[in-house]
A.B. asks: 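Provided herewith is a single structure, encoded as structure tokens, for subsequent inquiry.
Residues take their numbers from the sequence shown, with the count starting at 1.
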Amino acid sequence: MKNKLLKTVSDCKNIFFNAKLLLNYIKGEKSGKKYFVYKFSQSIISALIPLILMTLPGLLINTLSREEFALYECVVYLGIILVLPVLNYFINVFLNYQLKKVTQQIELGIDINFYKHIMTMDYEVYENPDIQINKSRSLSALSKVWSVSDILFGFITQIISLLTVILVISFLNPVLLILVVFFSILFSIIKKKVNKSLFTLDQKGSEIDRRMWGVTYMLDQQDYAKEIRLFNMPDLLLNEYKRVKEESIDLNMDYLKKQNVPNNYNSFLELVQNIFIYIYLVFNVVKKSMPIGNFAIYLSYYGKLEGVLKGFLSSFLELAQISLNVDELNQFMKLPKKIHDSGNLHPNYSKGSIIEFRNVSFKYPGSDIYALKNVNISIDSNEKLCIVGPNGAGKSTFIKLLTRLYSPTEGIILLNGRNIAEYDAEEYMRLFSPVFQDFVKYYFSIGINIALTADYDVNKLDRIMRQCHLDSLIQKLPKGYDTQVSKWIDPEGIEPSGGENQRIAIARALYNEGKIYILDEPTAALDPNAEYEIYMQFNNMIIDKCAILVTHRLSAVQLADKVAVFNNGQIAEYGTHAELYAKGGIYTEMFDKQAQFYRNE
């Protein structure tokens with residue numbers, strides 16, 4: 001019994017601790033104090049005015065029932081009854097307007113801080129599918145900050161109402177008071193058990209929603225439309241949609257059944273309670289000459305007591321339900337940022353700088369297999385390094401470690417002899433101008449898409465567009481650099497072709513002028529000749545700069561000073577094109593196979 005009591009106390013403390021955590025999101029914003037003042041005022045008014053309006057009609061009936069007519073009392077009671085609701089309405093209109101105003105300001109600040117947290121968390125953490133689910137559920141929990149605020153300030157209203165109602169009813173019959181309290185507690189126990197089941201179903205629903213999103217995305221997005229038709233895929237997609245939807249329907253019906261359980265019990269408990277109350281009040285009017293006005297007052301107060309008690313307990317249970325989500329939010333917001341919070345040194349990258357991988361190995365989170373194993377390589381400040389190898393050889397993983405998106409599982413990466421973990425992460429990452437294979441388009445204007453800032457240098461942009469052979473594209477656009485990317489957003493926008501998108505991605509890297517340029521198979525969708533042409537153009541643009549070219553095709557290797565051949569997560573061969581070809585190993589075999597293909601063509 002003692003352990004149960006201690007657990008209950010501990011649970012209550014945790015619920016209110018989590019509620020306080022959510023309120024701290026409001027408190028931390030500039031308009032937070034105003035919000036609390038308005039909410040507190042609204043809570044006091046919401047408690048007092050209904051109690052006054054419940055009491056006055058009964059007092060008015062008693063006054064009218066007396067043998068001596070008291071005109072002044074009747075006018076006062078009637079005046080308050082008529083004027084108070086109007087006054088209450090205008091006060092609430094004012095408070096609701098002010099609350100809406102500050103709520104939107106606070107919400108904006110909370111959202112910005114949340115998304116900033118997402119964008120600065122370690123990439124290897126962000127890539128984890130479980131974290132993606134946790135992110136979605138955390139965002140849902142964060143949206144309940146207003147529900148928690150309403151509940152907590154509602155407690156103020158309910159406590160004032162509860163104390164007043166208990167005081168009034170105690171004068172009539174404390175036994176009936178105990179009866180109402182007993183039934184309300186019984187209802188809350190039933191609801192608490194049901195809420196635990198609902199939370200489990202809600203978690204399962206998140207998993208189903210994720211699968212449903214995947215199916216509906218494929219059904220909705222234009223990118224899939226061609227293949228769906230040409231490969232005759234409607235049945236495959238619709239059957240999957242039906243399967244997931246039916247699973248969702250079954251879950252929703254189960255949820256609905258469990259949700260109705262407390263209300264079913266409540267209906268029965270209310271019936272029993274009301275029978276006792278009405279019998280007792282009618283008895284008092286008939287046998288003990290209780291004034292009719294008092295009958296109305298007590299009846300209203302019993303109804304109010306039941307409503308307040310159940311409201312109070314239901315609000316607490318809702319708070320407990322939200323608390324489970326807040327635990328998830330708290331865990332999400334406390335995810336360690338190993339990379340961003342590590343070093344604070346300023347990275348200096350200039351002529352003569354060297355980046356060195358020293359016995360670097362890496363496993364992806366949750367995997368026992370090494371994606372890279374004992375990698376040792378040095379890259380000079382003006383070197384062009386070409387990394388080649390088959391798919392899955394570890395090339396892209398090498399780039400993620402180099403750019404500090406991941407941290408090595410074993411070994412260290414050095415810049416000018418110091419572990420890159422000692423440098424400020426943001427400053428270190430700005431050393432790189434990457435063009436990845438899965439480069440993206442941003443739904444901004446084409447100018448911002450390349451410059452990645454609204455305040456860009458038009459002359460610099462013009463020069464880069466000429467270098468990337470995109471100037472003719474800009475010239476034919478009526479809005480020029482202000483043209484929106486994606487006709488989905490703006491019918492007068494542009495949908496760049498595959499080749500244009502690739503050149504835009506390269507222009508983006510050039511505009512941002514990193515110290516080290518990376519091309520991680522961005523031209524994989526192009527034919528070898530087009531790929532070679534882009535590599536040639538890119539190479540001419542970054543003379544005397546460090547560049548790393550990643551490819552599984554060998555059309556660009558002769559542009560590089562050195563070639564690293566990756567195989568099974570290791571650097572199998574390293575040297576110049578001539579040295580590696582003369583060696584007669586993996587590189588020679590790869591080169592000859594691809595060359596034979598071109599000769600046959």
Side-chain angles (χ1 to χ4, degrees), residues 115-116 119-120 123 126 339-340 346-351 353 355 379-385 387 396 398-406 415 420 423-471 473-474 480-486 494 496 499-523 534-550 556 559:
Y115 286 115
K116 185 177 181 181
M119 290 187 288
T120 54
Y123 183 74
Y126 184 76
I339 292 175
H340 276 81
H346 174 73
N348 179 31
Y349 193 89
S350 55
K351 189 174 182 180
S353 291
I355 294 180
I379 307 169
D380 295 334
S381 60
N382 61 349
E383 182 179 327
K384 306 290 189 296
L385 173 67
I387 298 175
S396 292
F398 176 83
I399 295 300
K400 289 174 182 175
L401 289 168
L402 172 67
T403 53
R404 212 171 161 192
L405 292 173
Y406 288 143
L415 168 60
I420 61 171
Y423 294 109
D424 179 271
E426 289 185 11
E427 289 189 32
Y428 178 82
M429 287 179 179
R430 281 200 293 269
L431 295 176
F432 300 92
S433 278
V435 186
F436 293 113
Q437 181 176 354
D438 53 350
F439 59 83
V440 294
K441 62 182 178 184
Y442 295 93
Y443 295 107
F444 298 118
S445 69
I446 194 167
I448 295 177
N449 236 281
I450 294 168
L452 301 182
T453 174
D455 184 23
Y456 53 80
D457 183 337
V458 175
N459 292 328
K460 180 180 176 181
L461 201 53
D462 285 339
R463 173 172 53 80
I464 288 168
M465 296 301 268
R466 285 193 297 272
Q467 289 176 324
C468 295
H469 295 229
L470 286 169
D471 49 328
L473 171 67
I474 294 298
Y481 291 126
D482 293 328
T483 304
Q484 173 69 46
V485 171
S486 176
I494 181 177
E500 286 168 343
N501 269 324
Q502 285 162 330
R503 291 179 186 276
I504 286 170
I506 291 172
R508 186 183 295 157
L510 291 169
Y511 185 93
N512 284 276
E513 293 184 311
K515 302 288 187 180
I516 303 165
Y517 289 87
I518 295 171
L519 263 68
D520 186 3
E521 301 199 81
T523 56
I534 285 181
Y535 274 129
M536 280 291 291
Q537 290 172 355
F538 187 73
N539 193 57
N540 292 335
M541 295 176 209
I542 56 168
I543 296 169
D544 297 329
K545 293 274 190 177
C546 180
I548 299 168
L549 316 175
V550 182
L559 302 174

A.B. asks: Any chance you could measure Tyr456, atom OH, to Leu461, atom CG, to the nearest 0.5 Å?
C.D. replies: 6.5 Å
A.B. asks: Find out whether Asp457 and Tyr511 are in side-chain contact, i.e. whether some heavy atom of one side chain is under 4.5 Å from a heavy atom of the other.
C.D. replies: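 Of all side-chain heavy-atom pairs linking Tyr511 with Asp457, at least one is under 4.5 Å.
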A.B. asks: Which pair of non-hydrogen atoms, one from Gln467 and one from Leu510, has the smallest distance, and what is that distance?
C.D. replies: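 Taking Gln467 first and Leu510 second, the nearest heavy atoms are OE1-CD1, 4.5 Å.
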A.B. asks: In terms of relative ring orientation, are Phe444 and Tyr442 parallel, tilted or perpendicular, with 30° and 60° separating the classes?
C.D. replies: parallel
A.B. asks: side-chain hydrogen bond (donor to acceptor under 3.5 Å, both in side chains) with Ser396: which residues, sequence neighbours excluded?
C.D. replies: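 For Ser396, the residues satisfying side-chain hydrogen bond (donor to acceptor under 3.5 Å, both in side chains) (neighbours in sequence not counted) are Asp520.
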A.B. asks: Working to the nearest 0.5 angstrom, can you tell me the gap between Ile387 CD1 and Ile548 CD1?
C.D. replies: 5.5 Å
A.B. asks: Between atom CG of Leu402 and atom OH of Tyr428, what is the distance when rounded to the nearest 0.5 Å?
C.D. replies: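 Here the rounded value is 5.0 Å.
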A.B. asks: Could you check whether any side-chain N or O of Ser445 sits under 3.5 Å from a backbone N or O of Asp482, counting only pairs where one atom can act as donor and the other as acceptor?
C.D. replies: no
A.B. asks: To check you understand the geometry: which heavy-atom pair defines the closest contact between Met465 and Ile450, and what is its length?
C.D. replies: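 Here Met465 and Ile450 meet closest at SD-CD1, 3.3 Å.
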A.B. asks: Under the criterion side-chain contact (heavy atoms from CB on, under 4.5 Å), I'd like the reasoning laid out for Ile379 against Ile516: C-alpha separation, chi angles, the key distance, then a yes or no.
C.D. replies: CA-CA 10 Å; Ile379 307 169; Ile516 303 165; over 6 Å; no
A.B. asks: With rounding to the nearest 0.5 Å, note down the distance linking NZ in Lys515 to CZ in Arg430.
C.D. replies: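 If we round to the nearest 0.5 Å, Lys515:NZ and Arg430:CZ are 12.5 Å apart.
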A.B. asks: Taking all heavy atoms of Leu470 and all of Ile504, pick out the closest pair and write down the distance.
C.D. replies: CD1-N, 3.8 Å
A.B. asks: First locate atom CZ of Phe436, then atom CD1 of Ile399, and finally report the distance between them rounded to the nearest 0.5 Å.
C.D. replies: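 The CZ atom of Phe436 sits 7.5 Å away from the CD1 atom of Ile399.
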A.B. asks: Just checking, is any N or O donor in the side chain of Asp462 or Tyr481 under 3.5 Å from an acceptor N or O on the other one?
C.D. replies: yes
A.B. asks: Could you tell me which non-hydrogen atom of Cys546 sits nearest to which non-hydrogen atom of Ser381, and how far apart they are?
C.D. replies: CB-O, 3.0 Å
A.B. asks: Can you list everything that forms a side chain to side chain contact (heavy atoms under 4.5 Å, CB included) with Lys400? Sequence neighbours excluded, please.
C.D. replies: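 With sequence neighbours excluded, Lys400 shows a side chain to side chain contact (heavy atoms under 4.5 Å, CB included) to Tyr123, Glu127, Tyr364, Leu405, Tyr406, given in chain and number order.
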A.B. asks: Testing the basics here: between Arg508 and Val440, what is the closest heavy-atom pair and its distance to 0.1 Å?
C.D. replies: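 Looks like NH1-O, 3.0 Å.
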A.B. asks: Are there more than 12 heavy atoms of other residues, nucleotides or ligands under 6.0 Å from atom CD of Glu427?
C.D. replies: yes
A.B. asks: To the nearest 0.5 Å, how far apart are NE2 in His469 and CD in Glu500?
C.D. replies: 13.5 Å
A.B. asks: Nearest heavy-atom pair of Asp544 and Lys384: which atoms, and what distance?
C.D. replies: N-NZ, 3.9 Å
